[in-house]
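Data block below; observations after.
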Amino acid sequence: MAEDLKSLNFIEQIIEDDLKLDYTQSQLQFRFPPEPNGYLHIGHASAICLNFGLGLSYKAPVNLRFDDTNPTKEEQEFVDAIKRDVEWLGFNWANECYASDYFQQLYDWAVMLIKNGDAYVDSQTSAEIAEQKGTPTSPGTNSPFRDRSVEENLQLFEAMKTGEAEEGKHVLRAKISMSAKNMLMRDPVMYRSMHKAHHRTGDHWKIYPMYDWAHGQSDYIERVSHSFCTLEFQPHRELYNWFAKKVLAPDTLKPKQREFARRNLSHTVVSKRKLLKLIEHGIVESWDDPRMPTISGMRRRGYTPEAIVNFANSIGIGKRENTVNLSHLEFCVREDLNKKAPRVMGVLDPLKVLITNYPEDKEEWLEAENNPENEAAGSRKVPFSREIYIEKEDFREEANRKFFRLKLGKEVRLKNAYIIKAESCTKDENGNVIEVQCTYDTDSRSGSGTEASLRKVKGTLHWVSIQHAIPAKVRLYDRLFTVENPDQDKDKDFLEHVNPNSLEVITAQVEPSLKDANPGDRFQFQRMGYFCVDTTSTTEHLVFNKTVGLRDSWKG
RNA sequence: UAAUCUGUGGUGCAAUGGCAGCACACCGGACUUUGACUCCGGAGAUGAUGGUUCGAAUCCAUCCAGGUUAACCA
């Protein structure tokens, strides 16, 4: 059973209703059925969380099934990537299944349909077949081959199967009705001949089943009770049931297809074609570019699987058109990272500060808390010295009283260190401040317990000691598109909405403890945001990706 | 204009004939050695009309708006 108090979404409601009528809990079974023709993205994550989430709450098995019925588009590489991504999200499938494992059974059933007069071989071109399809408002017309004898159909289908028949010469069609209101019921194609090697079955098959013929029967073979898919498959349901009725024994429990609305994310595109275009145009580097909405891209960006799962679960499931704000995803990422990410100090845009009354040869290693949200995270030491970097935007010669940062004549706290006061600054020939001279309150060291250390000063800055800092390449990301629905514009190509400033690469100065950071490690650069060590990062050349900024309520 | 699905604050979801609620976003305040986190508060919605009912977001009717469906893709 699902949680008692939580209200049920319409999918859970369907299951609860079925449990009352014709299913026992042990008969419940689900599946996640990707086609291995590309990388999983945030939209798939919703479907994964729905199906595997249902599996968890009803203690039911969930299969990972590859819908590999079209060898022209599918590759082993994608199978591997999909498995990696589902695993990374934290889900375990009961069985790893392939539609291609059912090709023989599907073929046998197709022969049965032919024998029963429910399917026929059509020898027209695809254009001719399309021509006869009719339109939603007008009926189609019968194929001249519709009434071929069972014997002839059997013989031709066999020739298709062996490859004896010319490729593309014939198709197998279900014999339903060319005047059905539902276009999909107008004698849909069940098999096409393709003399193309399949990534799993090799050259064994010269014919491949279409989605509608393969999917429902695969559900049945695996004993899937509920087959959830997105709304655009709604018209397929009638055909799904028609095939089930023809193939399944009358008294067996038939799998049910039910549809939910796909989740759209603002400022994002997910269609494979469009994502590929982004790569081809050099707008992003690869499928796992941290700006991509792919699972692998989000992983490289530093998003956690928990954040993605929380996101998917928190937006719920419905049947209406929707666009979820990207800011909601970002909230989920921050919420999770806030609990987990160790705090460090890194200065993105360095400005030199000279502490004039701090001895030149002195250095101190100061205690710094790793995570205020988690005492168990412990602490580390950070070096302090006479010359430090602070963020350029944290200093102004003059500013109003809402500026809680460093300005001439005023004090700020250096995080984990001392209170400093800006006395003067020097500028280059263009008038840019290149150094700030400060004095420090010698008794104000953080944690020292002195009266001065407990003084309240408005404003705390992060910093790094210049002589100890290590340089790091940091990639700052912004949303990839400037508008909410980049692919919904009828007049403009989605590429016109690309944000030209979605990536900025800078060299930051970070505290020395980061020397040992490993690819995949996530940190909060205090006051700056969350950052993740990139897959290409090495000890000699640190590379960070900005995951997401901190919430910033300062209207500076 | 054939069939079918869907209309609840800016966004996403709840309320299953009984006080329209939650989250994000937004605005204000408290706290703060992160302008973060946390806490407190605020504003903001049932597409329209009619009907049934003591009572309608929910049931009925009509209308309006939007989506989906015409690949040898999935």
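Proteins get letters first, then strands, A, B, ... in listed order; numbering begins at 1 in each.
In this structure, A/Y211 forms no aromatic stack with the base of B/A74, since the conditions of centre separation below 5.5 Å and plane angle below 30° are not both met.
Of the candidates B/U34, B/A2, B/G12, B/A2 carries the atom nearest the A/P136 side chain, counting heavy atoms from C-beta on. In the set B/U34, B/C72, B/G35, the nucleotide with an atom closest to the side chain of A/V189 is B/C72. Here the nucleotide nearest the side chain of A/V171, chosen from B/G35, B/C73, B/C72, is B/C72. The side chain of A/F404 lies closest to B/G35, out of B/G35, B/U68, B/A71. For A/T137, taking side-chain heavy atoms from C-beta onward, the closest of the listed nucleotides B/A2, B/U33, B/G12 is B/A2. With B/U33, B/C73, B/U34 as the candidates, the nucleotide lying closest to the side chain of A/S446 is B/U33. Closest to the A/E232 side chain, of the nucleotides B/C73, B/U68, B/C5, is B/U68. The nucleotide whose nearest atom lies closest to any side-chain atom of A/Q234 is, among B/G12, B/U4, B/C72, B/U4. Ranking B/A2, B/C73, B/U34 by closeness to the A/T460 side chain, first place goes to B/U34. Among the nucleotides B/A74, B/G67, B/U34, the one closest to the side chain of A/L550 is B/U34.
The P atoms of B/U16 and B/U11 are separated by 23 Å, rounded to the nearest whole Å. Between B/C59 and B/A25, the two P atoms lie 33 Å apart (nearest whole Å). With P as the reference atom, B/G67 and B/C54 are 41 Å apart, rounded to whole Å. Spacing of P atoms, B/C40 relative to B/C31, comes out at 15 Å, to the nearest Å.
Between A/H215 and A/G459, the residue anchored closer to the 5' end of RNA chain B is A/G459, taking for each the nucleotide with the nearest heavy atom. Residue order along RNA chain B, read from the 5' end via each residue's closest nucleotide, puts A/K319 first among A/K319 and A/T323.
Aromatic rings of A/F525 and A/Y530 (six-membered ring for Trp) have centroids beyond the 6.0 Å cut-off, not under it.
Of the candidates A/F157, A/Y208, A/W205, A/Y191 forms a ring pair (Phe, Tyr, Trp, His ring centres under 6.0 Å) with just one, namely A/F157.
Listed by residue number, there are no residues of residues 37-50 of chain A with a heavy-atom contact under 4.0 Å to RNA chain B.
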According to the Watson-Crick and G-U wobble definition with distances under 3.5 Å, which dot-bracket string, read 5' to 3', encodes RNA chain B, using [ ] for crossing pairs and | for pairs with another strand?
.((((((..((((....[..)))).(((((.......)))))....(((((..]....))))))))))).....

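Within the 4.0 angstrom heavy-atom criterion, no nucleotide atom of any strand lies near A/M528.
Distance check, rounded to the nearest 0.5 Å: CD of A/E393 to CZ of A/R527 gives 7.5 Å.
A/R413 contributes a side-chain N or O that forms a donor-acceptor pair with the base of B/U33 under 3.5 Å. For A/Q524 and B/U34, a side-chain-to-base donor-acceptor distance below 3.5 Å is present, hydrogens and geometry of angles not being considered. With hydrogens and angles ignored, no donor-acceptor pair closer than 3.5 Å exists between the side chain of A/K458 and the base of B/U33.
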Take nucleotides 14-27 of chain B nucleotide by nucleotide from the 5' end and write B, S or -, depending on whether a protein heavy atom sits under 4.0 Å from the base, only from the sugar-phosphate, or from neither.
S-B------SSS-S

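With no hydrogens or angles considered, no side-chain donor-acceptor pair links A/E411 and A/Y418 at under 3.5 Å. Between the side chains of A/Q234 and A/Q257, no donor-acceptor pair is found at a separation under 3.5 Å.
Classification of the A/Y211-A/H236 ring pair by plane angle, with boundaries at 30° and 60°, yields perpendicular.
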So A/K161 and A/K206, side chain to side chain contact (heavy atoms under 4.5 Å, CB included) or not? Walk me through it.
CA-CA 5 Å; A/K161 184 201 175 198; A/K206 307 296 182 195; over 6 Å; no

